[in-house]
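Here's the structure, in C-alpha cells; my notes come after.
Treat the numbers as computed from the prediction; the structure is a model and nothing was measured.
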Amino acid sequence: MTTAPALTKELLVEILAEYGEREADDIAERVDSLELAWLVHSLEERYGLELDLDDVQLARMTTLDAALAVLGEVLPSPEFPSPESGSADGAETGGEGSDRKAAQAA
C-alpha cells in the first residue's frame, strides 16, 4: 500500500458518504456521534492507524471543519502514513506537534 492522500474535507465527506450509502452532497457540516465513530474507525481501517483520541478531542469534533482540525493535530504529518512506513505510532501520542517540528528542523 502506498501513502494515502492528504487529509482533506473532501476525504472526510467521502468517508461519511459511505456511512448509509449516501451521496457526498447529502453530507451535512455537522457530525453526529455515530458519524464520528464511523469516521474514526474508517480512517483507522483504511490507513492502518490507531487514533488515540481523548474525550476532549472527540467532543471538539462536532463539524467537518472541527474534525479536520483535530485530526490534523493528532496525525504525524499532512499525509497519512502507510502501514508499511511504520510511522503510524506517532498518531497514538495524541499529537506532539512540538516534537514533530523539532524532528523536521533536525
Side-chain angles (χ1 to χ4, degrees):
M1 179 184 283
T2 61
T3 301
L7 181 64
T8 64
K9 189 172 182 176
E10 290 76 23
L11 178 62
L12 299 186
V13 167
E14 175 189 321
I15 291 170
L16 288 175
E18 294 170 0
Y19 176 69
E21 298 179 9
R22 301 175 285 176
E23 296 294 322
D25 293 340
D26 295 334
I27 305 302
E29 174 65 22
R30 182 157 285 300
V31 178
D32 69 29
S33 60
L34 290 176
E35 289 173 324
L36 180 57
W38 175 266
L39 182 63
V40 170
H41 171 76
S42 295
L43 289 170
E44 290 178 335
E45 289 295 310
R46 278 187 184 200
Y47 303 114
L49 301 169
E50 185 175 333
L51 298 173
D52 187 20
L53 299 165
D54 63 31
D55 290 342
V56 173
Q57 291 167 320
L58 290 169
R60 289 176 42 210
M61 297 172 73
T62 58
T63 66
L64 289 172
D65 288 331
L68 192 60
V70 171
L71 291 168
E73 293 170 6
V74 299
L75 292 170
S77 72
E79 294 189 346
F80 291 66
S82 66
E84 299 87 44
S85 72
S87 60
D89 293 341
E92 296 177 18
T93 63
E96 296 177 4
S98 60
D99 290 343
R100 183 175 66 232
K101 288 176 187 173
Q104 290 173 346

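- With sequence neighbours left out, the salt bridge (Lys or Arg N to Asp or Glu O under 4.0 Å) criterion links E44 to no other residue.
- With contacts defined as side-chain heavy-atom distances shorter than 4.5 Å, the pair L51/L75 qualifies.
- Using a 4.5 Å heavy-atom threshold, the side chains of L12 and L7 count as touching.
- By the side-chain contact (heavy atoms from CB on, under 4.5 Å) test, S42 is found to be paired with I15, W38, residues two or more places apart in sequence or in another chain being considered.
- Residues L34 and L43 are members of one and the same hydrophobic cluster, defined by side-chain heavy-atom contacts under 4.5 angstrom among Ile, Leu, Val, Met, Phe, Trp and Tyr.
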Listed pairs under 3.5 Å, donor-acceptor, residues 22-29 side chains, sequence neighbours left out:
{"unit_1": "R22", "atom_1": "NE", "unit_2": "Y19", "atom_2": "O", "d": "2.9"}
{"unit_1": "R22", "atom_1": "NH1", "unit_2": "E35", "atom_2": "OE2", "d": "3.0"}
{"unit_1": "R22", "atom_1": "NH2", "unit_2": "L16", "atom_2": "O", "d": "2.8"}
{"unit_1": "R22", "atom_1": "NH2", "unit_2": "Y19", "atom_2": "O", "d": "3.4"}
{"unit_1": "R22", "atom_1": "NH2", "unit_2": "E35", "atom_2": "OE2", "d": "3.2"}
{"unit_1": "E29", "atom_1": "OE1", "unit_2": "K9", "atom_2": "NZ", "d": "2.8"}
{"unit_1": "E29", "atom_1": "OE2", "unit_2": "L64", "atom_2": "N", "d": "3.3"}
{"unit_1": "E29", "atom_1": "OE2", "unit_2": "D65", "atom_2": "N", "d": "3.0"}

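- Contact between T62 and A66 at its shortest, heavy atoms only, is N-CB, 4.2 Å.
- Taking the side chain as every heavy atom from C-beta outward, R46 and L11 approach each other to under 4.5 Å.
- Within 6.0 Å of the CG atom in D32, the count of heavy atoms belonging to other residues, nucleotides or ligands exceeds 12.
- Between M61 and the options V31, L36, L68, a side-chain contact (heavy atoms from CB on, under 4.5 Å) holds for only L36.
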